[in-house]
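We use all heavy atoms of the structure for the numbers below, so side chains are in, but hydrogens, waters and symmetry mates are not. Convention: sequence-line order gives letters A, B, ...; per-chain numbering from 1.
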Number of protein chains: 2
Amino acid sequence: MGLVDKDGLTEREFLEQYRAGDYERPSVATDMVIFTVTEEEADSYRKLPEKELRVLLIRRGGHPFLGKWALPGGFVRPNETTEQAAVRELSEETGVEDVYLEQLYTFSDIGRDPRTWVISCSYMALINSDKLELRSGDDAADAAWFKVSYRPLREQKELNEDGFIKTQEYELQLSGEEELSAIVKRTTTAKTTSTGTDYEIVTNDGLAFDHAKIIAYAIERLRGKLNYTDIALHLMPKFFTLTELQQVYEVVMDKELLKAAFRRKVADLVTETDLYTENAGHRPSRLYRRNLEE
Amino acid sequence: MGLVDKDGLTEREFLEQYRAGDYERPSVATDMVIFTVTEEEADSYRKLPEKELRVLLIRRGGHPFLGKWALPGGFVRPNETTEQAAVRELSEETGVEDVYLEQLYTFSDIGRDPRTWVISCSYMALINSDKLELRSGDDAADAAWFKVSYRPLREQKELNEDGFIKTQEYELQLSGEEELSAIVKRTTTAKTTSTGTDYEIVTNDGLAFDHAKIIAYAIERLRGKLNYTDIALHLMPKFFTLTELQQVYEVVMDKELLKAAFRRKVADLVTETDLYTENAGHRPSRLYRRNLEE
DNA sequence: GCAATAGTGTCTTTTAGACATTATGTG
DNA sequence: CACATAATGTCTAAAAGACACTATTGC
């Protein structure tokens with residue numbers, strides 16, 4: 001194009017002479033909330049094992065937050081996208097390559113990293129227990145899977161003339177090598193026409209940075225999507241029973257579901273196979289796989 | 001805390017001596033997809049005016065993309081969050097202060113800005129027509145509201161042994177001072193356990209940067225949220241009729257809805273008032289406002 | 001009275017919730 | 001045969017879709 005700007009430059013000329021300004025730039029990092037579902041050891045040979053939702057954390061080996069637990073992540077390098085950075089981190093931390101990956105939210109609070117100006121683009125990854133077994137000796141010094149519990153604590157709503165302020169507090173508990181916990185407060189401020197939501201960490205015991213907030217955000221996203229997408233299937237191995245799938249839903253939602261209704265709801269998401277479980281101490285269960293048709 | 005790291009430094013000592021590395025950092029910008037719904041002039045005195053979904057664009061006055069239309073936005077400054085930057089931009093471009101604002105997605109493709117490494121954290125804002133009137137002489141040289149049309153063009157799905165690749169193409173048309181158009185392709189790649197989605201601009205006529213993609217993303221988010229949140233009410237003035245609300249749903253979804261069913265669905269989102277429309281050339285319509293109780 | 005929209009009634013279909021009943025391999 | 005889980009049937013309640021009918025105003 002021959003268009004010239006106010007200095008008489010064409011686009012090519014402009015780009016050749018362009019020098020990035022000296023204004024301050026932030027560092028951009030990715031933080032990964034990597035979920036998986038694992039099985040507890042069964043109490044009895046014929047009882048089904050309990051399932052648990054787990055998240056991967058890494059103990060910090062340096063300042064800041066030395067000794068605290070943090071989400072895996074790292075800085076985005078030149079010539080890579082935030083998603084590529086996330087994939088790279090994921091591969092470094094867990095050794096897995098093909099997983100469900102979804103951008104969550106970009107956190108940019110002032111002072112969220114005491115070192116310098118860091119904006120974090122967070123991602124959620126879902127790994128199934130199959131792949132988890134592939135991950136063996138990982139080099140990340142001190143990585144561990146923590147069992148996740150995320151429950152509403154209290155809720156408050158204040159109405160005023162032309163709106164309301166609603167605060168909901170959730171307790172996040174992470175159990176693994178240590179017991180970590182945090183309380184995250186979500187504040188919804190509504191006026192007649194506008195609405196805004198804000199997350200805030202009320203208390204925090206053992207987690208680095210604002211990672212309690214990021215984990216809370218991830219859980220809410222995961223729960224939300226469970227009901228209207230097939231996202232849960234990314235937490236399943238290639239073949240699974242409907243009971244196992246139901247357990248995954250239950251452990252993520254932290255809520256019991258009725259069997260018959262559940263099966264109707266997921267019917268379109270799965271395809272039945274001719275395979276069955278064996279040696280279970282009770283009636284064998286048909287194995288299903290993800291339905292890729294729809 | 002008295003913890004010391006491998007160099008024998010406490011956290012405070014570490015932070016005091018910390019110097020941000022020399023590695024390259026990206027610029028971080030925000031881009032705003034600002035939607036509103038406006039009314040066409042009515043053909044006849046008693047016919048209802050048609051509604052249109054509109055998005056605010058700004059004609060670029062310098063390279064790159066000189067003369068093309070771009071989303072309002074700008075760089076995030078030190079000591080402000082991306083959200084604060086978005087609020088600032090919004091206020092500068094439209095003069096409005098209290099609006100619904102939601103973070104959309106962070107775009108970081110290599111080369112998305114030909115000048116330098118720029119990562120964009122995009123936001124969607126919804127403005128009601130009331131507030132729009134407040135905006136008068138805006139100083140942004142060449143800003144204009146473009147009517148939005150976003151329609152599926154074609155869809156293709158290829159099944160292979162352990163997954164599928166689905167591509168959906170959408171045509172984005174923006175009509176205002178000029179006719180802009182773009183085709184955006186969404187590719188969903190599914191393997192047995194993982195799934196990924198990718199957006200790509202196929203053709204682009206008149207829009208700067210990757211903004212066609214951002215607008216497409218915003219429309220999809222808006223459409224998705226319409227069905228399970230009260231987000232549409234942020235496009236409404238303080239008082240509105242249910243027919244007006246239905247028109248907003250219809251123009252956003254690009255789909256006609258049945259009156260009775262629609263009224264049942266939004267019943268909980270609105271509160272009736274004792275006000276009615278007047279001089280309409282037909283039966284007056286009751287005015288509603290957003291329900292803040294629930 | 002007519003044009004145009006407002007608002008409601010009701011029938012059918014689908015979906016969700018609740019719970020009971022039958023089925024089956026393993027020790 | 002008993003245990004524990006698998007799998008399905010059925011009743012009810014709630015939600016969604018479709019369409020028709022009645023109600024009001026301004027000119």
Please produce a list of atom pairs where a protein N or O lies less than 3.5 Å from an N or O of nucleotides 14-16 of chain D.
none

Rounded distance (Å) that lies between atom P of C:dA16 and atom OH of A:Y228: 16 Å
Check: B:E278/B:Y276 side-chain N/O donor and acceptor closer than 3.5 Å: no
B:R290 versus A:T195, side-chain donor and acceptor atoms under 3.5 Å: yes
ring-ring contact (aromatic ring centres under 6.0 Å, His included) against B:F146, all qualifying residues, sequence neighbours excluded: B:W69
Protein-nucleotide distance (B:F262, atom CZ; C:dG9, atom P), rounded to Å: 19 Å
Partner set under salt bridge (charged side-chain N to carboxylate O under 4.0 Å, His left out) for A:D162, not counting sequence neighbours: none
B:R286 side chain near C:dG7 phosphate (N/O to OP1/OP2, under 4.0 Å): no
For nucleotides 20-24 of chain C, which of its nitrogen or oxygen atoms have a protein nitrogen or oxygen under 3.5 Å away, and what is each distance?
residue : atom : partner : partner atom : Å
C:dA23  : N3   : A:R283  : NH1          : 2.9
C:dT24  : O2   : A:R283  : N            : 3.3

Position toward the 5' end of DNA chain C (nearest nucleotide), A:E278 or A:L258: A:L258
For atom OH of A:Y276 and atom P of C:dG25, their distance in whole Å: 10 Å
Sub-4.5 Å side-chain heavy-atom contact between A:L172 and A:I219: yes
Atom-to-atom span, CG of A:N279 to P of D:dC3 - whole angstrom: 21 Å
Whole-Å distance separating the CG atom of B:L257 from the P atom of C:dT5: 17 Å
Any residue meeting side-chain hydrogen bond (donor to acceptor under 3.5 Å, both in side chains) with A:E272, in chain and number order, not counting sequence neighbours: none
ring-ring contact (aromatic ring centres under 6.0 Å, His included) partners of A:Y199, counting only residues at least two apart: A:Y217
For atom CG of B:L245 and atom C1' of C:dA6, their distance in whole Å: 15 Å
Parallel, tilted or perpendicular: rings of A:Y228 and B:Y228 (30°, 60°): tilted
Whole-Å distance separating the CD atom of A:Q247 from the P atom of D:dT5: 9 Å
Atom-to-atom span, CD of A:E256 to P of C:dA16 - whole angstrom: 20 Å
Proximal nucleotide (of D:dA6, D:dG26, C:dA18) relative to the A:T243 side chain: D:dA6
Donor-acceptor contact present, side-chain A:E250 to main-chain A:L257, <3.5 Å: yes
